[in-house]
Q: 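Can you keep this structure in mind? I'll have questions shortly.
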Number of protein chains: 2
Amino acid sequence: MEKQARRAQVLRHAKRIFARKGYHRTNVADIISRARIARGTFYLYFENKKDLFEELLEQVLRELAVRIHRIRIGPGEPEPADQLRANLRRVMSFVLSERDLTNILLSHALGFDPELDERIQTFYDRIAAQIQRSLDLGITMGLVRRCDTRTAAYCILGGVKETIAQLSRQAPPDIDGLVEEILRFGLSGVARPELLETLRNIGEP
Amino acid sequence: MEKQARRAQVLRHAKRIFARKGYHRTNVADIISRARIARGTFYLYFENKKDLFEELLEQVLRELAVRIHRIRIGPGEPEPADQLRANLRRVMSFVLSERDLTNILLSHALGFDPELDERIQTFYDRIAAQIQRSLDLGITMGLVRRCDTRTAAYCILGGVKETIAQLSRQAPPDIDGLVEEILRFGLSGVARPELLETLRNIGEP
DNA sequence: GGCGAAACTGACACGAATGTCATGTTGATT
DNA sequence: AATCAACATGACATTCGTGTCAGTTTCGCC
């Protein structure tokens, strides 16, 4: 079999198994039996289990990263809110189309190797930073209310992560509707707009 | 040494180690060497490593659960927003005072045992459901805008989780301020209130 | 059809971690 | 100071997964 094809084949099977059983509960024996190859063959294509896993992990992170575009301001650029929506849509569609990969990242990638933990942490940190920058920009443009953008960024990131986790476990509902809900939540919160005036004074009697 | 004291001693040491290295990277040898006991002694007090870990996990979940009070409406009850604030404060303080336990739950508890995964998942599901009920109640009371409360609940839960994760890694800033920021984010979102009228029409031209 | 390279195989040696158990220690009681 | 029960010990057998490697098969090419 052709070199690349075989590699891909193993990766494909491994992805499924990792997504279902997680990193630790999956062993090389599981992978090779699914992929119908001998033990030795596995080690021809991958250094070891971790090496293979890393490749899958990199794949998700890369795919996600390319789907998150920086918010751009300027003539000819779409409304910031529309750019946000587009980002969310791209990410959500990917999650749905690659549930196994998403599961790996969300539930099984943390806590088995310090190096990879770091890798994932950095990834999220970057996204949080990106969100924060967008919020800061939004403030200077008068679109966003003054707030601790750092905390807000984490709230947004967390909210999206949690929804995605939910999405990857459950039957996929209407994506566009979901995106819209998330967007509104992030922009307006849950309070009735009519009450915001009073709520803004919360804690400052 | 007294029976309960020894147990507590082992638990205490194990907690530290689990928090730092995670479940998989920690082995019984690590625990007994820290706790200064012999291998056999360990098995006098715990069935095995998983048993001990479960005990710690139950501890966090229990501690967190008792700190989240159901929102109550009625004469003599504090404002809903104040009840929310109180919940957040209690949870956040606990997280700060028990960083090791929190770390275990947040980063190291998932993906090594299907049974425990389920346990944690159920825990979060319950909280999400609780949040959703509160939101539904808020809607009937005219405090909360109409929205998909399920999605909103996940956004809120996720936001809090992410902030907590951040909190448990970083130097603890002013808790009250943090709680206030989260609260406002959840209630009002990030958009400038003056713009909400336009934003509410997003996606419905 | 024979030759060499590349791909593949699976038995095996090895190391890591677990749980047990026969034995040793402690300390309270008579 | 003898006895006994509770507590503690650590050497050891066992299990499990890994990575290797000597040998086999496949395939393109002369």
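Residue numbers begin at 1 in each chain, while the letters A, B, ... track the order of the sequences. Worth saying up front: this structure is predicted, and the values here are computed from it rather than measured.
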Q: Please pick, from C:dG19, D:dT18, C:dA17, the nucleotide with the shortest atom-to-atom distance to any side-chain atom of B:Asn27.
A: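 Output: C:dA17.
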Q: What is the distance from CD1 of A:Ile37 to P of D:dT26, rounded to the nearest Å?
A: 17 Å
Q: My understanding is that only residues two or more places apart in sequence, or in another chain, count here; which of them pass side-chain hydrogen bond (donor to acceptor under 3.5 Å, both in side chains) with A:Asp117?
A: B:Arg25
Q: In whole angstrom, what separates A:Lys49's NZ from D:dC16's P?
A: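 Between P of D:dC16 and NZ of A:Lys49: 15 Å.
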Q: Using whole Å, what does the distance between atom P of nucleotide C:dT18 and atom CZ of B:Phe46 come to?
A: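 Distance, rounded to whole Å: 15 Å.
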Q: Touch check for B:Leu44, heavy atoms < 4.0 angstrom, all strands: base, sugar-phosphate only, or nothing?
A: base
Q: Without decimals, in angstroms, what is the distance between A:Gln4 CD and C:dA7 P?
A: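 Spelled out: CD on A:Gln4 to P on C:dA7 is 11 Å.
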Q: Using a 3.5 Å cut-off and no angle test, enumerate the donor-acceptor pairs between side-chain atoms of residues 127-135 of chain A and protein atoms at least two apart in sequence or in another chain.
A:
| from | atom 1 | to | atom 2 | distance (Å) |
| --- | --- | --- | --- | --- |
| A:Gln132 | NE2 | A:Thr149 | OG1 | 3.4 |
| A:Ser134 | OG | A:Gln130 | O | 3.0 |

Q: Go through D:dT9, C:dC8, D:dT20 for me and flag the one nearest to the A:Arg6 side chain.
A: C:dC8
Q: Can you tell me the distance, in whole Å, between the CZ atom of A:Arg7 and the P atom of C:dA7?
A: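 Result: 13 Å.
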Q: For the residue pair A:Arg6 and A:Gln9, confirm or rule out a side-chain donor-acceptor distance under 3.5 Å.
A: yes
Q: Taking for each residue the nucleotide of DNA chain D bearing the nearest heavy atom, is the 5' side occupied by A:Gly40 or by A:Thr26?
A: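 Of the two residues, A:Thr26 wins.
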Q: Quick one: does B:Phe42's side chain get under 4.5 Å of B:Leu52's, heavy atoms only?
A: yes
Q: Please pick, from D:dG10, C:dG10, C:dC8, the nucleotide with the shortest atom-to-atom distance to any side-chain atom of B:Ala38.
A: D:dG10
Q: Which of these nucleotides, C:dA7, C:dG19, C:dA17, is closest to any side-chain atom of B:Tyr43?
A: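 Closest of the options to the side chain of B:Tyr43: C:dG19.
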Q: For A:Arg25 and D:dG17, give me the distance from atom CZ to atom P, rounded to whole Å.
A: 13 Å
Q: Using atom CZ of A:Arg36 as one end and atom P of C:dC8 as the other, report the distance to the nearest whole Å.
A: 16 Å
Q: For A:Gln9 and C:dA7, what is the distance between atoms CD and C1' respectively, to the nearest whole Å?
A: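 In whole Å, C:dA7 C1' and A:Gln9 CD are 13 Å from each other.
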Q: Is it the case that over 12 heavy atoms from other parts of the model lie below 6.0 angstrom from the CZ atom of A:Arg16?
A: no
Q: Among C:dC8, C:dT18, D:dT9, find the nucleotide with the atom closest to the side chain of A:Thr41.
A: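 Ranking C:dC8, C:dT18, D:dT9 by closest atom to the A:Thr41 side chain puts C:dC8 first.
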